[in-house]
Amino acid sequence: MSAEVRTRFAPSPTGYMHIGNLRTALYEYLIAKKHNGKFILRIEDTDQDRYVEGSVDVIYKTLKIAGLQHDEGPDIGGDYGPYVQSERKPIYMEYAKKLVEMGKAYYCFCSKEMLAEEKQKCEAEGRVFRYDRHCLNLPKEEVEARLAAGEPFVIRQKMPTEGSTTFEDVVYGTITVDNSELEDQILIKSDGLPTYNFANVIDDHLMKITHVVRGNEYLSSAPKYNLLYEAFGWEVPTYVHVPLIINEEGRKLSKRAGDPSFEDLLEKGYLVEAIINYVALLGWSPGTNEEFFTLEELCRVFDIHGINKSPAVFDINKLTWMNGEYIRRMSLDRFHEIALPYLKTAIKNPAIDLKKVSRILQPRTEVLCDIPGKVDFIDELPDYDIELYVHKKMKTTLENSLEGLKAALPVLEAIEEWNEQNIHDSLVSLAERMGVKNGQIMWPVRTAITGKAVSPGGAVEIADILGKEETIRRIKAGIDKLSAHKK
RNA sequence: GGCCCAUUGGUCAAGUGGUCAAGACACCGCCCUCUCACGGCGGUAACAGGGGUUCGAAUCCCCUAUGGGUCACCA
């Protein structure tokens, strides 16, 4: 009995993927896959002015990267094509004319300029502009004559003036709106292409979409769509309006406000899996305390009823944490693989074992782009302030640091097989012999060889990575630096 | 402004009449420790306000406040 579940992702080709769009696509994908249904890609390019060259490819690429592979779409075809709205132009006109015949729509010849003027006037008077239905009752002959004369026109939906329209949304429940609130919206624009408001209804029906998932900014338009479905006698799909994702200012996420797109996040070194996982949890809860899910797990666990009604703030902080969690959970090999490009930007010295660097970096990395800044001291010792040697907790001073370095130097020089174990044992036993805390040796050494207050890994690990020769060179430089200060 | 929607800690959120109101991020403290992280343990912090309904409300109803969305030949 139950028909195949079909959802659709219907982006406009504007060039990049909003986080909100990504989440919508994700939910659509999950709803379809959970029920072994189909996930369809449709390109909404009815606004030629906003068309951005090449952005359709961006959409394909993004879906692929995100792992949200569609089952039907412009690039792979399907039984309900074409999947690009501009290629469906005649279809919309045909249905619009049907509505005109049914008396549910009408031709309008009011020019854009005229309406804009009207609108301005209204606003100047502080009133809200509303189309005055100027063309509603034009005589049929006049309409035909003007059409024949080639006059530009639009087709408007004729809204009922009385009563109300009610629709059901799975997330928001029953919503009723007075029909008097509805404007005679434009269905077909003067360029012959449909508006979104018309195209989405026609396409969703013809493409047999069962669950319409979209941002809650469409909630107030939904009654108009219902009226169209009713006019055609079509079954209304299940509406799933999802809460908005907002930024810390409480506004809808937008590129203009500097909010990151999916691409921006990837570029910053966030992992696809972490982004998907985090975004899934923005406005949806599995109902358990679980919060790590692979895409496959989400397909299983996702449930429409877990979708929240209230807007969710996009918290880059938590995404960053989650990204770090993903990094820590992966194998060293995998981490090394993805860290490598970032390592190479900061480390040019071929003698460095980058795998070792990855090993100390993995538990300390939350976002990949942080990597270069953490390891920049490896190629070249930075010019540091000797005050770095003074560390209260390590109980180090300029004086005992100098002593520590001087004592460490021959010990390190004596190491024949340069590895972590030997470096560690040598330095620890040195501290023991001197009767000082490990830190009093380790801190000066670490400082001398990194030149930084903070480094990934301690003295031993860094010394191992730098190699004996370079370590000794830096220790000597440290001794010189401290001695020079002493005069 | 009209209409629509929302309101649990700073953030994400569980909760569908009876809980000491979960959990996570962030923050703070302690432990671990050769820095910083990681890890472990603990802590601060919330039902927007006011009326009802009820033996009993975060949960149901009304009002107020606040926030958001929408009012295009954009989607």
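Order of the sequence lines fixes the chain letters, A, B, ..., with proteins taken first and strands second; residue numbering starts at 1 for each chain. Values reported hereafter were calculated over all heavy atoms of this structure, with side chains retained and with hydrogens, waters and symmetry mates removed.
- Among residues two or more places apart in sequence or in another chain, the side chain to side chain contact (heavy atoms under 4.5 Å, CB included) test is passed with A:Met322 by A:Asn277, A:Tyr278, A:Leu281, A:Phe292, A:Tyr326.
- Across B:C60 and B:A45, the matching C1' atoms stand 29 Å from one another, rounded to whole Å.
- Along RNA chain B, the nucleotide nearest to A:Val460 and the one nearest to A:Pro243 differ in position, and the one closer to the 5' end is contacted by A:Pro243.
- Contacts between residues 424-443 of chain A and RNA chain B, defined by a heavy-atom separation below 4.0 Å, involve A:His424, A:Asn438, A:Met442, A:Trp443, listed by number.
- Only the C1' atoms considered, B:C20 is 23 Å distant from B:C28, to the nearest whole Å.
- Rounding to the nearest 0.5 angstrom, the gap separating the OG atom in A:Ser254 from the CD1 atom in A:Ile245 is 13.0 Å.
- If you measure from atom OH of A:Tyr92 to atom C1' of B:C73, you get 16 Å, rounded to the nearest angstrom.
- For the side chain to side chain donor-acceptor pair (under 3.5 Å) test, residues two or more places apart in sequence or in another chain that qualify with A:Asp259 are A:Asn247.
- Of the listed nucleotides (B:A13, B:G69, B:C73), B:G69 has the atom at the smallest distance from the side chain of A:Leu244.
- Looking at A:Ser220, its side chain has no donor and acceptor atom pair within 3.5 Å of the base of B:C4.
- B:G50 and B:A72 have their P atoms separated by 39 Å, given to the nearest Å.
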Using a 4.0 Å heavy-atom cut-off, write out nucleotides 5-12 of chain B from 5' to 3' as B (base contacted by protein), S (sugar-phosphate only) or - (no contact).
SSS---SB
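- When the C1' atom is used for both B:U66 and B:A48, the distance is 7 Å, rounded to whole Å.
- Minimum atom distance to the side chain of A:Lys112 is reached by B:C73, of the listed B:C74, B:U70, B:C73.
- With C1' as the reference atom, B:C47 and B:G40 are 32 Å apart, rounded to whole Å.
- Taking atom C1' on both B:C73 and B:C62, the two are 43 Å apart, rounded to the nearest angstrom.
- Comparing B:G49 with B:U44, their C1' atoms are spaced 25 Å from each other, to the whole Å.
- Atom-to-atom, CG of A:Asn21 to C1' of B:A75 comes out at 10 Å; the value is rounded to the nearest Å.
- In summary, A:Arg42 and A:Asp204 engage in a salt bridge, as defined by a charged side-chain N under 4.0 Å from a carboxylate O.
- Pairs passing the ring-ring contact (aromatic ring centres under 6.0 Å, His included) check and including a residue from residues 107-129 of chain A, sequence neighbours excluded, read A:Tyr107-A:Phe153.
- With distances taken from any side-chain atom of A:Lys393 to the nucleotides B:G39, B:C74, B:C36, the minimum falls on B:C36.
- For B:G67, the OP1/OP2 oxygens have no side-chain nitrogen or oxygen of A:Arg251 closer than 4.0 Å.
- One P atom belongs to B:A57, the other to B:G51, and the distance between them is 13 Å to the nearest Å.
- Applying the side chain to side chain contact (heavy atoms under 4.5 Å, CB included) test to A:Ala105 and every residue at least two apart in sequence or in another chain returns A:Leu99, A:Val100, A:Ile155, A:Leu187.
- Counting any heavy atom pair closer than 4.0 Å across all strands shown, A:Thr195 reaches sugar-phosphate atoms only and no base atom.
- Considering only side-chain atoms of A:Lys252, the nucleotide from B:C34, B:G69, B:C73 that sits closest is B:G69.
- Near RNA chain B, meaning a heavy atom under 4.0 Å from it, residues 177-189 of chain A has A:Glu181, A:Glu183, A:Ile186, A:Lys189 in order of number.
- Of the listed nucleotides (B:G69, B:A37, B:A75), B:A37 has the atom at the smallest distance from the side chain of A:Arg364.
- Take the nearest nucleotide of RNA chain B for A:Ser221 and for A:Lys119: the residue whose nucleotide is more 5' is A:Lys119.
- The CZ-P distance, from A:Phe377 to B:U35, rounds to 15 Å in whole Å.
- Residues forming a side chain to side chain contact (heavy atoms under 4.5 Å, CB included) with A:Ser164 (at least two apart in sequence, or on another chain): A:Thr176, A:Asp178.
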Watson-Crick or G-U pairs under 3.5 Å in RNA chain B, rendered as dot-bracket with [ ] for crossing pairs and | for another strand
((((((((.[[[..)..(....]]].(((((.......)))))....[[[[[..)....]]]]])))))))....
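- With sequence neighbours left out, the side chain to side chain contact (heavy atoms under 4.5 Å, CB included) criterion links A:Ile347 to A:Leu343, A:Ile352, A:Leu354, A:Val357, A:Val375, A:Ile378, A:Asp379.
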Any N/O pairs under 3.5 Å between the protein and nucleotides 46-50 of chain B? List them or say none.
none

Would you be so kind as to tabulate the donor-acceptor pairs closer than 3.5 Å made by side chains of residues 217-226 of chain A, with sequence neighbours excluded?
unit_1	atom_1	unit_2	atom_2	d
A:Tyr225	OH	A:Asn197	OD1	2.6
A:Asn226	OD1	A:Tyr239	OH	3.0
A:Asn226	ND2	A:Thr166	O	3.4

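- No donor-acceptor contact under 3.5 angstrom links the side chains of A:Asn179 and A:Glu162, judged on distance only.
- Considering only side-chain N and O atoms, A:Thr365 lies nowhere under 4.0 angstrom from the phosphate OP1 or OP2 of B:A37.
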